[in-house]
There are 2 protein chains.
Amino acid sequence: MTARSSTDANRVIPEATVARLPVYLRALTALADSGIRTCSSEDLASAAGVNSAKLRKDLSYLGSYGTRGVGYDVDYLRYQIAREIGVTQDWPVVIVGIGNLGHALANFSGFRSRGFRIVALLDADPELVGQTVAGVQVQPFDELEETVRNHDVAIGVIATPAVAAQDVADRMVAIGITSILNFAPAVLAVPEGVDVRKVDLSIELQILAYHEQRKANGAEPGPAAAATADGGAA
Amino acid sequence: MTARSSTDANRVIPEATVARLPVYLRALTALADSGIRTCSSEDLASAAGVNSAKLRKDLSYLGSYGTRGVGYDVDYLRYQIAREIGVTQDWPVVIVGIGNLGHALANFSGFRSRGFRIVALLDADPELVGQTVAGVQVQPFDELEETVRNHDVAIGVIATPAVAAQDVADRMVAIGITSILNFAPAVLAVPEGVDVRKVDLSIELQILAYHEQRKANGAEPGPAAAATADGGAA
DNA sequence: AGGAGTTTGTGAACGTGAGAACAAAACCGG
DNA sequence: CCGGTTTTGTTCTCACGTTCACAAACTCCT
């Protein structure tokens, strides 16, 4: 059986496409909320801020969920994308580092609504331990291992200062966490098989500053490259 | 005079390279802090988490700042990159939306140290107006125009809920802001010439979830694609 | 001074992603 | 039932980004 069904787990979806799927998911949810049942690739593309050819190509990696001459069923497509990404499941998550950013993350509603459940907040600072943030009590960092084991956590979020980040990552990896979202401004070294994604607030601003400087220098009015969002760099 | 000097403002630096320059800048700062005066492309590459060929090619777009057989002078290279990005200048920034995330951003030290100066915090909620966050008093959102004009602000940060984001962006664009960093989970429509970069917390987690799901499904142990950071976002 | 050893900068090959264009497949009206 | 219209899914081409590999350029040692 070498035929390739739409549920074949070995299909490869390009990384650039994977990064856009959550955007489509959100756009579909917005459409559904305004009562729209069906949409064309053009409609969805403009809601997601991409061009329609790219959207159709992206969706074609998942399968053939549209109807020619008609478009896509909003709810059906939404479910298919959600299933593909994995947000139909429940993902227990731990957050380490409950400073200002950790607070914001703990309170961020966008996690809960997409299947991410914060099972623990951890911090090394005894001052913070015991406080309740977003309905969860902050635990000492040393309880990481126990918590991860008890809740079968696969995803960890690091919101510590840069100096602590590598240590936290090492502990996470040692206990079996295989996906890390890193907000600390530091480069993490992790073994093969562990995924790390980095979100760096100051880097984004610096990229804007670069373009801003070029505009100010009157470099070339031509290629003003609007809306360069993304992990532009895949 | 069509010769192209190293200070030629019209050189084009690939977007992917621009996104990495701030990473190199941070790595160089770390090296300088540990007292290292000179480093090879190999050293710097490993500190920045990229491979050395890519690093050299990236730096070659800026000019020829290394010495063959020796390496790069840390301080000199650091200055050149900082100048190229524009972080040797002072960039006044306004933040709109002082919720949990806005608080975190206002307190984030990484902005100040890279030339970004928060000149105003704005929020539409009367409850928040007047409070002092990170040493700055929160102003009513309606003072946006006046503030931007007074401080000659070119960069705005949006940390509002999704529903308000487009309105805020419109007001920012109307008053002359040409670079926007958007934390709201919404697609912003802006005119040509305005740069928007998006940081979306839940999208990053969803990308991790996708890979995590594939690992769990035992899709293929082979291409486990470690450390898929980026951007990407660029 | 000259050769051995390093390390940069870059040309060339390769892989991935984006966009245009079009054939295939559905619906609709007569 | 059939031609016209719409919209998807896919193919093809081009541009961009990454990596390899190596000549050029520098230092150091004898």
Side-chain angles (χ1 to χ4, degrees), chain A residues 4 6 11-21 23-24 28 36-46 48-74 76-77 80-81 207 223 225-234, chain B residues 4 6 11-21 23-24 28 36-74 76-77 80-81 207 223 225 227-234:
Chain A
R4 163 157 296 201
S6 68
R11 270 167 310 144
V12 283
I13 298 185
E15 197 53 36
T17 296
V18 171
R20 282 187 293 266
L21 290 180
V23 180
Y24 302 153
L28 283 167
I36 295 170
R37 313 289 296 263
T38 295
C39 69
S40 68
S41 64
E42 201 72 49
D43 298 336
L44 181 53
S46 84
V50 302
N51 96 21
S52 65
K54 183 151 60 179
L55 170 74
R56 287 199 301 277
K57 181 175 269 200
D58 283 341
L59 295 184
S60 77
Y61 292 115
L62 309 191
S64 193
Y65 296 133
T67 307
R68 297 174 190 222
V70 178
Y72 301 94
D73 182 287
V74 171
Y76 180 60
L77 182 58
Q80 293 299 339
I81 294 179
I207 296 170
T228 37
D230 160 47
Chain B
R4 162 157 297 199
S6 68
R11 269 168 309 145
V12 283
I13 298 184
E15 197 54 36
T17 296
V18 171
R20 282 187 294 265
L21 290 179
V23 180
Y24 302 154
L28 283 166
I36 295 170
R37 313 291 294 263
T38 296
C39 71
S40 68
S41 64
E42 201 72 49
D43 297 337
L44 182 53
S46 84
V50 301
N51 95 23
S52 65
K54 182 149 62 177
L55 170 74
R56 287 199 301 279
K57 174 146 280 192
D58 283 342
L59 295 183
S60 76
Y61 292 116
L62 309 190
S64 193
Y65 297 132
T67 309
R68 296 175 191 221
V70 178
Y72 301 93
D73 181 286
V74 172
Y76 180 60
L77 182 58
Q80 292 299 339
I81 294 179
I207 296 170
T228 38
D230 142 62

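Reminder, nothing fancy here: chain letters follow the sequence lines and each chain counts from 1.
When the ring pair (Phe, Tyr, Trp, His ring centres under 6.0 Å) test is applied to B:Y61, no partner is found at least two apart in sequence or on another chain. Taking the side chain to side chain contact (heavy atoms under 4.5 Å, CB included) definition, one finds that B:A45 meets it with B:V50, B:S52, B:L55, sequence neighbours left out. For B:I36, the side chain to side chain contact (heavy atoms under 4.5 Å, CB included) partners are B:L31, B:S34, B:V74, not counting sequence neighbours. By the side-chain hydrogen bond (donor to acceptor under 3.5 Å, both in side chains) test, A:S41 is found to be paired with A:R56, residues two or more places apart in sequence or in another chain being considered. With sequence neighbours excluded, no residue forms a side-chain hydrogen bond (donor to acceptor under 3.5 Å, both in side chains) with B:S46.
When distances run from any side-chain atom of A:A16 to the nucleotides C:dA18, D:dG9, D:dG17, the shortest one goes to C:dA18. Looking at the side chain of A:S41, the nearest of the listed nucleotides D:dT8, D:dT18, C:dA20 is D:dT8. Considering only side-chain atoms of A:P14, the nucleotide from C:dG17, D:dT18, C:dA20 that sits closest is C:dG17.
For the atom pair CG (B:L59) and CG (B:L44), the distance works out to 7.0 Å, reported to the nearest 0.5 Å. The line from CZ of B:R20 to CD1 of B:I13 is 11.5 Å long, rounded to the nearest 0.5 Å. Here the NZ atom belonging to B:K57 is positioned 11.5 Å from the CG atom belonging to B:N51, to the nearest 0.5 angstrom. The distance from atom CG of A:L21 to atom CD1 of B:I207, rounded to the nearest 0.5 Å, is 9.0 Å.
Here the side chains of A:Y72 and A:L28 are not in contact, with every heavy-atom distance at 4.5 Å or above. Considering only heavy atoms from C-beta on, A:D43 stays 4.5 Å or farther from A:T38 through its side chain.
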Could you pull out the protein-nucleic contacts involving nucleotides 24-30 of chain C (nitrogen or oxygen on both sides, under 3.5 Å)?
unit_1: C:dA24; atom_1: N3; unit_2: A:R68; atom_2: NH1; d: 2.7

Which atoms of nucleotides 11-15 of chain C (N or O only) lie under 3.5 Å from a protein N or O atom, and what are those distances?
unit_1: C:dG11; atom_1: O6; unit_2: B:K57; atom_2: NZ; d: 3.3
unit_1: C:dA12; atom_1: N6; unit_2: B:K57; atom_2: NZ; d: 3.1

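A:E42 places its CD atom 12 Å from the C1' atom of D:dT6, with the value rounded to the nearest Å. One interatomic measurement links the two molecules: NZ of A:K54 to P of D:dA15, which rounds to 16 Å at whole-angstrom precision. Atom CG in B:N51 sits roughly 15 Å away from atom C1' in C:dT10 (whole-Å rounding). Between the CG atom of A:D73 and the P atom of D:dT8 there is a distance of 13 Å, given to the nearest Å. Atom CG in A:L59 sits roughly 7 Å away from atom P in D:dG9 (whole-Å rounding). Summarising the geometry, the separation between OH on B:Y76 and C1' on C:dT8 is reported as 15 Å, rounded to the nearest angstrom. Rounded to whole angstrom, the span from the CD atom of A:Q80 across to the P atom of D:dG9 amounts to 12 Å. What separates CZ of A:R56 from P of D:dT11 is a distance of 14 Å, to the nearest Å.
Comparing the helix axis at one end of the helix from C:dA1-D:dT30 to C:dG30-D:dC1 with that at the other, each defined from 5 consecutive pairs, gives an inter-axis angle of 0° (nearest 10°).
For A:Y72, a side-chain nitrogen or oxygen approaches OP1 or OP2 of D:dG9 to under 4.0 Å.
Between A:D58 and B:Y61, the residue anchored nearer the 5' end of DNA chain C, judged by the nucleotide with its closest heavy atom, is B:Y61.
Residues A:Y65 and A:Y76 bring their aromatic ring centres within 6.0 Å.
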